[in-house]
Amino acid sequence: MYKGIAASRGIAIGKAFVLDQEDFPIKKREITAEEVEKEIVRFREALKHTAEDLLHMKEKVSHKLGMKHARIFDAYLLVLEDPVFVEETIENIKKNHLNVEYVFNQVLGKIVHVFKAIDDEYLKERSKDIQDLGKRVLRYLVGEEKETLAHLNEKVIVVASDLTPSDTVAMREENVLGFATDRGGKTSHTTIMAQSLEIPAVVGLKNLTQRVSAGDVVIVDGTQGLVIINPDETILEHYYDEQKKLKKEEKELKKLSSLEAKTLDGYQFNLMANIEVPEETDSVIKHGADGIGLYRTEFLYMNRSDMPTEEEQWHAYKKVAKAVYPKPVIIRTIDLGGDKFLSSEGTPQEINPFLGLRAIRLCLKHPDIFKVQLRAILRASVLGNIKIMYPMVSGVEELQKANNILKDVKDDLTGENIPFDENIQVGAMIEIPSAAMTAEILAKEADFLSIGTNDLIQYTMAVDRVNESVAYLYEPLHPAVLNLIKRVIDAGHKENKLVSVCGEMAGDPLITLIFIGLGLDAFSMGPTAIPKIKKIIRSVTKSEAIELTQKIFNQTNTTAIKRLIKHINIEE
Ligand code: PEP
Ligand code: MG
């Protein structure tokens, strides 16, 4: 059992599909009786090539380090000739009429398991050598093709060192039961994507990929942040029961979708949804959102070698606006950079990409790219329910510069007689401390403010949001973070501007009362979190929330704040 960071709620149980740089797709294929001999010959060839490689390595090592060290290769060569390795594979090909790489991989998995189960650290470690050896053989059998999520052809738990947003975009999500990754934190994009797809996930598991083999049975408990490999019957049964219970609970919560997010003393809040792709609008509607508070448009640009055209973007934005009309859609202009890149080739070599050319900075540097997106958004705005929002604004000059470009684009459209919403609202995201500290000035220039707490925490605490080694410092309830949020809400209200929170904090039930107490206008979160937050809002009064918030702001540290919050018995 391994403990990681609970990234996306729910329980998934299934076979592991291990995705790492070293892996390649092992496809299962039935073969005819005539093909059996061919497969066996392929197997013998692969063994021969692997043995040749090992001999070659042995020579090199003995040259460099002496014969003593080179002897390890003799042991490897012996394993390659071992009847369990060789005979069992050949027998199974004959018996089951399946392709060699699949059969060999199964045999390999079995041997590795036997070694892993031995109660001796040295022998346990040898399982890695055997796995490595097996991979060498497999590489000859399947060629060098790299494993990608586009190859999934059965329902699996994806285990990976990390998943780039482009990995997740390429995957066939209907085949993904759950995610478990070595790296990542509460707000890395694997987490956000898993939440939006309603796939259970645990991240930050350090070296899980080295402990799981393809085909292992894995339980992903995304609520507790646990991953269990090859569980026994009792554990498995317990988790099947839990899975059923959770599904029932979710059904209950969804019944709330048509009810208002109103406190017992009559204060209403807007519960909006965050989306990454237009396909999510179904989920937005199903979970009873009051609109879309954050549409992360950069996902349109990722996992491809070209830029999306104005036409393509226009279609996507129009589709989303139409799907939720008359409810509003806040389209965030591209937030590329950080951990979201166009494609692996387009990845800039920045030492600190999160502090680099990201989001609005990138757009201001490349107005040609920015203008295409703004034209597409404006053209899609004719229905009147679209708003624009700029990410990562660091101060008022950036907001003004972006607005000047927007004005140019509007003038162009007017000149071309192309209709758009002349009164389109434009907001700024507050996710950098410098923006939070100057929120009063930004609130004068912007039509609304939206606090991106994922980044605001990252930049306030100086903690990389995807680095699990410092994840313990990534603390939404740090007094500094709470003070900045309060400051932004107050600044917005002073200028009569609506303020929302669209980072993951908005969907955290433990924090809901604080936001109510601070007078936040709107919460925007993954659609699945909405019913839970709505239930909390409907079960409290604003005055009790204010009272709690005052107490919280009197605390000097996170531990004390957490203690206070946990004391409150929220009926979930
Ligand atoms: C945020 O930073 O809180 C946010 C909502 O934006 P993203 O997670 O896309 O960076
Ligand atoms: Mg952000």
Side-chain angles (χ1 to χ4, degrees), residues 7-8 163-166 168-169 184-196 203 271-277 280 289 291-302 329-341 352-363 387-394 398 427-436 439 448-467 471 474-478 481-482 484-485 488-489 499-508 511 515 520 522-527 529:
S8 174
L163 290 169
T164 61
S166 45
T168 46
V169 171
K186 274 260 185 224
T187 61
S188 57
H189 279 275
T190 307
T191 305
I192 290 168
M193 200 67 182
Q195 285 174 356
S196 71
V203 301
L271 295 188
M272 322 268 286
N274 294 351
I275 65 165
E276 274 81 49
V277 287
E280 282 180 86
I292 292 169
L294 168 64
Y295 174 10
R296 291 183 164 100
T297 56
E298 55 276 7
F299 282 80
L300 257 173
Y301 289 67
M302 280 158 29
V329 179
I330 300 179
I331 299 184
R332 175 174 77 181
T333 57
I334 44 172
D335 183 5
L336 288 164
D339 67 341
K340 291 176 286 192
F341 305 112
N352 285 313
F354 275 121
L355 302 179
L357 192 60
R358 203 196 138 179
I360 196 69
R361 304 167 180 186
L362 192 92
C363 287
K387 301 180 191 193
I388 296 176
M389 176 162 84
Y390 305 129
M392 294 280 299
V393 172
S394 65
E398 266 176 345
M429 279 190 80
I430 308 293
E431 34 189 358
I432 304 181
S434 61
F448 61 93
L449 302 177
S450 187
I451 311 173
T453 49
N454 301 342
D455 279 313
L456 186 62
I457 300 167
Q458 157 167 269
Y459 297 125
T460 305
M461 304 296 298
V463 168
D464 179 344
R465 65 194 253 190
V466 295
N467 182 342
Y474 189 92
E475 192 41 82
L477 291 169
H478 191 284
V481 176
L482 293 178
L484 286 175
I485 293 174
V488 177
I489 296 175
V499 183
S500 64
V501 166
C502 64
E504 302 312 294
M505 270 177 92
D508 185 339
I511 308 177
F515 286 143
L520 184 73
F523 299 62
S524 195
M525 63 197 87

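Indexing begins at 1, ligand by ligand and atom by atom, following the structure's order.
- Close contacts of ligand 1 with E431, meaning ligand atoms under 4.0 Å from a residue heavy atom, involve 1 (C), 2 (O), 4 (C), 6 (O).
- To the nearest 0.5 angstrom, I457 atom CD1 is 7.0 Å from I485 atom CD1.
- Atoms of ligand 1 lying under 4.0 Å from at least one heavy atom of R358, given by number and element, are 10 (O).
- Proximity of E276 to ligand 1, defined as any heavy-atom pair under 4.0 Å, is not found for any part of the residue.
- Each protein N/O/S atom under 2.8 Å from the Mg ion (ligand 2) was counted, for a total of 2.
- Under the 4.5 Å side-chain criterion, counting only non-hydrogen atoms from C-beta, L477 is in contact with L482.
- Counting heavy atoms closer than 4.0 Å to ligand 1, residue M389 contributes nothing at all.
- Between atom OG1 of residue T333 and atom CE of residue M389 there is a gap of 8.5 Å, rounded to the nearest 0.5 Å.
- Side-chain contact between V501 and I489: absent, with no pair of heavy atoms (C-beta onward) separated by less than 4.5 Å.
- Contacts with ligand 1 closer than 4.0 Å are made by side-chain heavy atoms of D335 only, the backbone lying farther away.
- In summary, the atoms of ligand 1 found under 4.0 Å from a heavy atom of C502, numbered by their order in the structure, are 5 (C).
- At under 3.5 Å, not a single nitrogen or oxygen of E298, backbone or side chain, sits near a nitrogen or oxygen of ligand 1.
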Steps toward side-chain contact (heavy atoms from CB on, under 4.5 Å) verdict (Q458, D464):
CA-CA 6 Å; Q458 157 167 269; D464 179 344; 4.0 Å; yes
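- Side chains of R361 and E398 form a contact here, defined as non-hydrogen atoms less than 4.5 Å apart.
- Within ligand 1, counting atoms from 1 as listed, the ones closer than 4.0 Å to a heavy atom of R296 are 4 (C), 5 (C), 6 (O), 7 (P), 8 (O), 9 (O).
- Contact between E504 and ligand 1 is absent, with no heavy atom of the residue lying under 4.0 Å from the ligand.
- Atom-to-atom distance recorded for L271:CG and M525:CE is 5.0 Å, nearest 0.5 angstrom.
- Contact between Q458 and ligand 1 is absent, with no heavy atom of the residue lying under 4.0 Å from the ligand.
- Ligand 1 places these atoms under 4.0 Å from at least one heavy atom of L294: 5 (C).
- Between R465 and ligand 1 there is a heavy-atom distance shorter than 4.0 Å.
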